[in-house]
Colleague: 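The structure under discussion is supplied below as structure tokens; questions concerning it will follow.
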Amino acid sequence: SSGINAEYGGNIAIVGYNSGHVTAFNLQSGINRGLFGKIHAHRGKVTGVASDNINKLVISVGHDMNLKLWDLSSRTLCHTVSLPHSATHCTLHRDSNLLAVSMSDSTVCLVDIDTRKIVRNFKHSDSILDMCFSLDGKSLLVATSDSIIRQWDLITARLVDCFKTPTLVTSLSLSRESLVTTHNNELGICLWTNRTLYETVDLKPLPDDYKPELVELGDEESVLEMEVENDSTEEWKSTEQINESLITLSSAPKARWTALTKLDIIKKRNKPKAPPTAPKAAPFFLSTTKELVPKFIVEEKKEETVEKMKPVRSEESEFQRKIMCTENVRDILEYLDSLTPSTLDIELQSLAPLDGGTHELVERFTDILISAVKIRANYDVLQAYISVFLKYNRRYLIETGSLHDKLAELKSLHSESWQEMQQKIQECLCVTTFLKSATL
């Protein structure tokens with residue numbers, strides 16, 4: 001046999017032969033389930049076989065420069081993809097349905113099984129010994145006969161990592177934590193640690209004339225530590241807002257600002273059905289009625305009804321001092337983000353004169369909202385502030401004519417920014433829908 005692969009369930013083995021036959025065997029009973037094709041699957045040696053993750057297709061490649069897709073149940077030919085050269089090996093990433101095929105001219109072509117097209121080509125300087133995909137299917141590692149291991153980024157089709165070993169790599173396998181390799185004339189296996197798990201690594205594309213460094217292998221007596229050049233590139237941190245013309249969302253969790261708009265529903269849901277009552281204390285002597293059959297006399301206590309009054313503040317709060325004394329709108333927004341939803345809800349209720357506030361507080365907070373809409377920062381949290389502010393102070397805002405011009409300006413700015421954002425969202429949805437449906 002020249003190629004063997006087990007299907008996803010582990011019940012059937014697919015075997016390719018030098019004669020061009022491809023056969024299916026039951027692994028439990030060893031019974032031959034039949035040949036793929038009428039006589040031969042390929043005209044020449046079969047160099048690789050693979051199967052998808054739903055046990056529907058079987059892929060085979062050979063020296064006849066053809067990649068063939070077979071139906072596993074009926075063992076009939078579904079599709080044929082012509083290759084530029086004869087294939088020497090293949091490996092399939094089952095989650096993404098990407099097949100890497102190494103060819104006789106030292107080229108690896110990447111075939112999309114869903115679209116039946118070649119989507120990438122990676123040229124190498126020497127013949128290919130082995131290759132494997134990363135777990136996420138974004139990288140392909142290739143070992144060549146010049147003792148070099150290369151890592152290709154499949155999205156950009158660029159070489160991002162490359163190193164040389166003292167001896168030939170006979171096979172390799174990649175997991176999330178490490179790379180496992182075996183070498184010619186070496187009895188053991190080598191484990192290579194993934195540096196991205198312990199530090200920030202910037203995988204920049206390597207130039208075409210890059211010369212890989214030789215990495216020595218460790219032995220049982222001593223482990224040679226490799227000096228890795230520390231990349232001076234620091235981890236880039238995004239600014240709070242790139243440009244004031246761009247609408248920027250806040251980094252606050254979604255549950256924080258959504259709870260502010262639905263705080264009354266949350267309080268109603270969490271309110272107990274009945275207030276907690278203390279158990280009645282039994283007296284030491286129980287009085288009875290003067291009857292033939294005496295009964296205990298139970299004294300009924302009248303419940304005192306306490307009328308709940310809405311608290312009215314007698315002095316200025318820290319929230320009111322902040323919004324009146326702070327000129328920078330960004331500092332005010334940062335202070336509002338530090339408050340809990342319950343505290344901010346109470347403060348926004350207490351801005352109007354009838355609720356313990358003043359006309360100046362309502363006017364000042366309206367100006368803050370106008371300035372915040374203009375700078376387009378914390379756009380998602382700002383919607384919650386506007387919603388709660390209008391809910392509690394709408395009556396005072398309607399009755400006060402001096403605030404109507406400010407409310408009209410706030411409405412105009414808000415509508416303009418929202419229309420612009422809605423247009424951008426629609427554009428992104430159109431592009432995403434096109435990329436999902438179009439065959440590139």
Side-chain angles (χ1 to χ4, degrees), residues 1-8 12-25 33-124 126-134 137-144 150 152 154-155 157 171-172 439-440:
S1 64
S2 56
I4 187 169
N5 181 266
E7 52 91 24
Y8 189 70
I12 298 176
I14 313 298
V15 183
Y17 296 91
N18 294 336
S19 59
H21 295 89
V22 177
T23 311
F25 289 93
R33 293 298 183 184
L35 294 172
F36 288 85
K38 295 181 179 180
I39 302 176
H40 298 279
H42 291 269
R43 294 180 180 178
K45 179 181 178 181
V46 178
T47 55
V49 291
S51 60
D52 62 353
N53 59 350
I54 58 175
N55 298 333
K56 183 179 180 181
L57 292 177
V58 171
I59 305 105
S60 63
V61 294
H63 280 176
D64 58 352
M65 297 188 299
N66 285 326
L67 185 151
K68 295 186 177 182
L69 304 176
W70 307 87
D71 184 84
L72 180 59
S73 58
S74 62
R75 296 181 297 280
T76 56
L77 183 63
C78 298
H79 190 78
T80 301
V81 179
S82 298
L83 300 175
H85 299 276
S86 59
T88 59
H89 178 61
C90 72
T91 181
L92 176 68
H93 188 263
R94 285 173 169 166
D95 292 338
S96 61
N97 266 358
L98 292 177
L99 181 74
V101 182
S102 61
M103 293 180 286
S104 57
D105 65 336
S106 303
T107 301
V108 175
C109 67
L110 195 67
V111 182
D112 189 349
I113 301 301
D114 294 331
T115 60
R116 274 72 165 168
K117 292 184 178 181
I118 299 176
V119 294
R120 293 285 189 274
N121 283 290
F122 305 106
K123 182 66 178 176
H124 298 82
D126 216 327
S127 59
I128 296 164
L129 301 178
D130 197 12
M131 54 188 176
C132 67
F133 284 96
S134 61
K138 296 181 179 180
S139 300
L140 178 68
L141 270 74
V142 181
T144 53
R150 295 176 175 87
W152 297 92
L154 301 184
I155 299 176
S171 64
L172 52 83
T439 303
L440 301 178

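Below, all heavy atoms of this structure are taken into account, side chains as well, without hydrogens, waters or symmetry copies.
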Colleague: Using a 4.5 Å cut-off on heavy atoms from C-beta on, say whether the side chain of Leu77 contacts that of Lys68.
Modeller: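 When only atoms from C-beta onward are counted, Leu77 and Lys68 do touch, with a gap below 4.5 Å.
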Colleague: About how many Å separate NZ of Lys117 and CG of Leu110, when rounded to the nearest 0.5 Å?
Modeller: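 Answer for the CG-NZ pair, Leu110 versus Lys117, is 14.5 Å.
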Colleague: State, to 0.1 Å, how close Ala100 and Met131 come at their nearest heavy-atom pair, and which atoms those are.
Modeller: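 Shortest heavy-atom contact: O-CE, 3.2 Å.
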Colleague: Could you report the tightest heavy-atom contact between Val142 and Ile128, atom names first, then the distance?
Modeller: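 Minimum heavy-atom contact is CG1-CG2, 3.8 Å.
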Colleague: Where do Thr23 and His21 land on the side-chain hydrogen bond (donor to acceptor under 3.5 Å, both in side chains) test, with the steps shown first?
Modeller: CA-CA 6 Å; Thr23 311; His21 295 89; over 6 Å; no
Colleague: Find the distance between NE2 (His79) and CG (Leu67) and round it off to the nearest 0.5 Å.
Modeller: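 Going from NE2 on His79 over to CG on Leu67, the span is 9.0 Å.
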Colleague: In this structure, are over 12 heavy atoms from other groups packed under 6.0 Å from Lys123 atom NZ?
Modeller: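 Enclosed.
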Colleague: As an exercise, state the distance from CG of Leu57 to CG of Leu72, rounded to the nearest 0.5 Å.
Modeller: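 Answer for the CG-CG pair, Leu57 versus Leu72, is 8.5 Å.
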Colleague: Is there a side-chain contact between Leu69 and Arg116 (heavy atoms, below 4.5 Å)?
Modeller: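 Yes, close enough: below the 4.5 Å cut-off.
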Colleague: Quick one about Thr88 and Thr47 (side-chain donor to acceptor, distance below 3.5 Å, no hydrogens or angles considered), yes or no?
Modeller: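 Note: Thr47 and Thr88 side chains miss the donor-acceptor criterion.
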Colleague: Between CD1 of Ile59 and CG of Asn97, what distance do you get to the nearest 0.5 Å?
Modeller: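 Separation between the atoms: 7.0 Å.
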Colleague: Indicate the atoms forming the closest heavy-atom contact of Asp130 with Ser171, along with that distance.
Modeller: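 So the minimum-distance heavy-atom pair works out to OD2-CA, 3.2 Å.
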Colleague: Less than 4.5 Å apart, any side-chain heavy atom of Ser51 and any of Arg94?
Modeller: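 When only atoms from C-beta onward are counted, Arg94 and Ser51 do touch, with a gap below 4.5 Å.
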Colleague: Are side-chain N/O atoms of His42 and Ser60 paired as donor and acceptor at under 3.5 Å?
Modeller: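 A donor-acceptor contact under 3.5 Å links the two side chains.
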Colleague: Just say parallel, tilted or perpendicular for the rings of Phe122 and Trp152, cut-offs at 30° and 60°.
Modeller: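 Judged by the thresholds at 30° and 60°, the geometry between Phe122 and Trp152 is tilted.
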Colleague: Might you point out which heavy atoms bring Ala24 and Phe36 nearest each other, and give the distance in Å?
Modeller: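 Nearest heavy atoms, Ala24 then Phe36: CB-CE1, 3.9 Å.
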Colleague: Ile113 versus Asp52: any side-chain heavy-atom pair under 4.5 Å?
Modeller: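 Heavy-atom side-chain distance check fails, nothing below 4.5 Å.
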Colleague: On a heavy-atom basis, which atom in Arg75 and which in Trp70 lie closest, and how many Å separate them?
Modeller: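 Residues Arg75 and Trp70, closest heavy atoms: O-CE3, 4.1 Å.
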Colleague: Atom OG in Ser86, atom CE in Met103: separation rounded to 0.5 Å?
Modeller: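 It is 9.0 Å, given to the nearest 0.5 Å.
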Colleague: State the NZ-CG distance between Lys138 and Leu98, to the nearest 0.5 angstrom.
Modeller: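 Atom-to-atom, Lys138:NZ and Leu98:CG are 12.5 Å apart.
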Colleague: Write down the atom of Val101, the atom of Cys90, and the distance for their closest heavy-atom approach.
Modeller: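 Residues Val101 and Cys90, closest heavy atoms: CG2-CB, 4.2 Å.
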